[in-house]
2 protein chains.
Amino acid sequence: MANPLDPEMFDPICPSSAMPIQIGDKWTGMVVLCLEEGPRRFTELRVPLGGVTPKVLTQTLRAMERDGLLTRTAYDENPPRVEYELTELGRSLFSLIAAARAWSRDHLPALLAARAAHESAPAAPRLLRRSPPSGPGR
Amino acid sequence: MANPLDPEMFDPICPSSAMPIQIGDKWTGMVVLCLEEGPRRFTELRVPLGGVTPKVLTQTLRAMERDGLLTRTAYDENPPRVEYELTELGRSLFSLIAAARAWSRDHLPALLAARAAHESAPAAPRLLRRSPPSGPGR
DNA sequence: CAGCATCCCCCCCGATACTG
DNA sequence: CAGTATCGGGGGGGATGCTG
């Protein structure tokens, strides 16, 4: 429940940008996964989301709060403590994320292969003649 | 197989922009659905995708071709004829789109309600005091 | 610790006009 | 019919610096 998040739970090499599926904005899906085991603090979330700036993470969390995907609870302590926790609606995204992951596992390699093939051989024939014109020139 | 596409198969009122799931770029998912029943021509695709400009549709189709989601076949006729058809990989997106639609049907109203509630009452309390400071001022 | 302010860049997307 | 060429706006996202 309160286990520390794995700093490498998201592979930076993973070509997630190539994935034809996206949950919300860039970081939304990963935030959902980070909150799977229970509430987390702001800085705690930044660990696995390597490189995300506080501004962008705040934007993401505010948008998710606005959409009812999570709740934000600020405790009036010193130092400040804020916790983010998924709502039922937020948890409903798990099935969708699982479907996206399953698709990626099964089909993303084919997509990447197709992409690589097109980069190495962009000279593929773009014209097919099925019904030749009545009078071909020359 | 060759039934004309319904010009209103995509509801312009539908707040698809609010959906926390996106397949590829803006038009990718809709192109996949347009090609569900078989190959379609360029102009044929433009009908249900109201408002999409030829440049953007071309970009979308080229990207999908590059990723192996569809094939492009140009016939050397006059007037020109080009057909786009889903590949097996492209068809593999159907299950994902179905999952996204099911989620939207079941949960999008709640998301929109949460969003509307936040707009009408942004004055929600953002501070909770659980552990009162040792000495509250005054 | 949990942010806010500011600046900036890139890229997606659209509007318009033209072509083989 | 099926695009291409050019221009331009908007916003998501990142870098940097500062604050209660």
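Just so it is clear, the structure is predicted and the values come from calculations on it, not from any experiment. Chain naming here is simple, since letters A, B, ... match the order of the sequence lines and numbering starts at 1 in each.
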request  = Go through the side-chain N and O atoms of B:Trp103 and A:Ser95 and say whether any donor and acceptor fall under 3.5 Å apart.
outcome  =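 No pair is found: no donor N or O on one side chain lies under 3.5 Å from an acceptor on the other.
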Has [X] got a side-chain N or O lying under 4.0 Å from the OP1 or OP2 atom of [N]?
X: A:Arg72; N: C:dA2; value: no
X: B:Arg41; N: D:dC1; value: no
X: A:Thr58; N: C:dG3; value: no
X: A:Arg62; N: C:dC4; value: yes
X: B:Arg81; N: D:dA2; value: no

Can you tell me the distance, in whole Å, between the [atom1] atom of [X] and the [atom2] atom of [N]?
X: A:Asp76; N: D:dG20; atom1: CG; atom2: C1'; value: 11 Å
X: A:Leu61; N: D:dG13; atom1: CG; atom2: P; value: 13 Å
X: A:Leu57; N: D:dG13; atom1: CG; atom2: C1'; value: 13 Å
X: B:Glu83; N: D:dG3; atom1: CD; atom2: C1'; value: 16 Å
X: A:Arg40; N: C:dA2; atom1: CZ; atom2: P; value: 13 Å
X: A:Glu44; N: C:dC1; atom1: CD; atom2: P; value: 12 Å

key: A:Val82 side chain near A:Tyr75 side chain, heavy-atom distance below 4.5 Å   =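 They are not in contact (no side-chain heavy atoms under 4.5 Å apart), so the answer is no.
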task = Determine, for nucleotides 5-20 of chain C in 5'-to-3' order, which nucleotides have protein heavy atoms under 4.0 Å from the base (write B), from only the sugar-phosphate (write S), or from neither (write -).
result = BBB-----BBB----B
task = Check the hydrophobic clustering (I, L, V, M, F, W, Y; side-chain heavy atoms under 4.5 Å; chains of links allowed) and say if A:Leu61 and A:Val47 are grouped together.
result =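 A:Leu61 and A:Val47: separate clusters.
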query = Hey, are A:Arg81 and A:Glu83 close enough for a salt bridge, meaning a charged N less than 4.0 Å from a carboxylate O?
reply =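 Answer for the salt bridge query: yes.
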ask   = Looking at A:Pro20 and B:Leu93, what are the two nearest heavy atoms and their distance?
value =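 In this case the closest contact between A:Pro20 and B:Leu93 is CG-CD2, 4.3 Å.
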task = Please report the closest heavy-atom contact between B:Gly68 and B:Leu89, naming both atoms and the distance.
result =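 Closest approach of B:Gly68 to B:Leu89, heavy atoms only: O-CB, 3.6 Å.
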query = With a non-hydrogen cut-off below 4.0 angstrom, is B:Arg46 in contact with a base, only sugar-phosphate, or nothing?
reply =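 Touches nothing.
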task = Check whether any side-chain N or O of B:Asp6 sits under 3.5 Å from a backbone N or O of B:Glu8 as a donor-acceptor pair, and report yes or no.
result =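 Present.
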